[in-house]
Engineer: 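Just passing along the structure, written as C-alpha cells.
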Amino acid sequence: TIETKGSSPSVPVGHGAVLKCNVTACPEAAVIWTTPTGVSLTSDSQHPGLSVLSDGTLIEVSASSQDSGTYSCMAVNYLGKATATVHLRVTNGPEITTYE
C-alpha cells in the first residue's frame with residue numbers, strides 16, 4: 001500500500017514542498033517519483049532542487065509555478081507495482097484566509 005498523507009498540497013513560490021510516499025510492502029519496494037514534466041527520480045537520483053529521501057519522501061527545495069501539477073509515486077518490487085498521485089499547487093504568495 002502507498003500512503004501520501006502529510007504531503008504539502010499547496011506552497012508559496014520559493015518555499016519548500018514535501019510530498020510523502022510511505023510504502024508498506026513485503027518484500028521491500030523501490031520508490032520512483034515522476035514529476036509533472038516527466039522526470040523520474042529515485043533516492044539515488046541527482047537532480048537540482050529535488051531529492052528523494054530513503055523513506056520515499058520527495059523534497060522540492062524551492063518551488064516555482066512550473067512545479068505545480070500531479071506527481072506520481074510508484075512502488076515496485078518483483079511481485080508487482082502500485083502507484084499513488086499527489087497534486088501540488090504552487091501559489092504566487094502566502095496563503096490568505098478571508099473571514100466573512
Side-chain angles (χ1 to χ4, degrees):
T1 60
I2 300 176
E3 181 61 63
T4 60
K5 226 179 250 178
S7 296
S8 312
S10 179
V11 295
V13 167
H15 285 70
V18 176
L19 304 180
K20 298 280 191 177
C21 183
N22 296 321
V23 176
T24 304
C26 186
E28 191 173 314
V31 173
I32 303 165
W33 278 98
T34 305
T35 69
T37 57
V39 175
S40 292
L41 301 159
T42 67
S43 58
D44 297 329
S45 298
Q46 300 290 320
H47 196 278
L50 293 170
S51 60
V52 179
L53 305 181
S54 59
D55 69 356
T57 300
L58 176 67
I59 303 293
E60 177 90 44
V61 177
S62 180
S64 69
S65 57
Q66 292 89 355
D67 296 319
S68 287
T70 301
Y71 289 73
S72 166
C73 165
M74 183 168 54
V76 181
N77 64 22
Y78 74 86
L79 295 175
K81 62 184 178 179
T83 304
T85 57
V86 179
H87 187 76
L88 175 66
R89 187 168 65 94
V90 180
T91 61
N92 287 325
E95 294 295 314
I96 297 172
T97 305
T98 57
Y99 298 97
E100 305 208 9

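Residues: numbered from 1 along the sequence shown. Computed over heavy atoms, backbone and side chain alike; hydrogens, waters and symmetry mates excluded. Since the model is a prediction, treat every value here as computed from it, not as a measurement.
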Engineer: What's the verdict on side-chain contact (heavy atoms from CB on, under 4.5 Å) for V31 and C73, showing C-alpha distance, side-chain angles and the deciding distance?
Structural biologist: CA-CA 7 Å; V31 173; C73 165; 3.9 Å; yes
Engineer: With distance as the sole test, does S43 use its side chain to make a donor-acceptor pair with the main-chain N or O of S54 at under 3.5 Å?
Structural biologist: no
Engineer: Sequence neighbours left out, cut at 3.5 Å: what donor-acceptor pairs do the side chains of residues 11-24 make with other protein atoms?
Structural biologist:
none

Engineer: Rounded to the nearest 0.5 Å, what's the gap from OG1 on T35 to CD on E60? Could you check?
Structural biologist: 8.5 Å
Engineer: Among the clusters formed by ILVMFWY side chains lying less than 4.5 Å apart, do L58 and M74 turn up in the same one?
Structural biologist: no
Engineer: Looking at residues at least two apart in the chain, or sitting in another chain, which of them share a side chain to side chain contact (heavy atoms under 4.5 Å, CB included) with T34?
Structural biologist: S40, S72
Engineer: Which heavy atom in W33 sits nearest to a heavy atom in T57, and how many Å separate them?
Structural biologist: NE1-C, 4.2 Å
Engineer: Please output the side-chain donor-acceptor pairs of residues 75-85 that fall under 3.5 Å, not counting sequence neighbours, one pair per line with the distance.
Structural biologist:
from	atom 1	to	atom 2	distance (Å)
N77	OD1	L79	N	2.9
N77	OD1	G80	N	3.3
N77	ND2	P27	O	2.7

Engineer: Give me the atom names and distance for the closest heavy-atom approach of T42 to S45.
Structural biologist: N-OG, 2.8 Å
Engineer: Using the side-chain hydrogen bond (donor to acceptor under 3.5 Å, both in side chains) criterion, which residues pair with S7? Sequence neighbours excluded.
Structural biologist: none
Engineer: With sequence neighbours excluded, what pairs up with H47 under the side chain to side chain contact (heavy atoms under 4.5 Å, CB included) test?
Structural biologist: V39, L41, L50
Engineer: Can V86 be reached from I2 by stepping across I, L, V, M, F, W or Y side chains whose heavy atoms are under 4.5 Å apart?
Structural biologist: yes
Engineer: For S51, check side chain to side chain contact (heavy atoms under 4.5 Å, CB included) against everything at least two apart and list the hits.
Structural biologist: I59
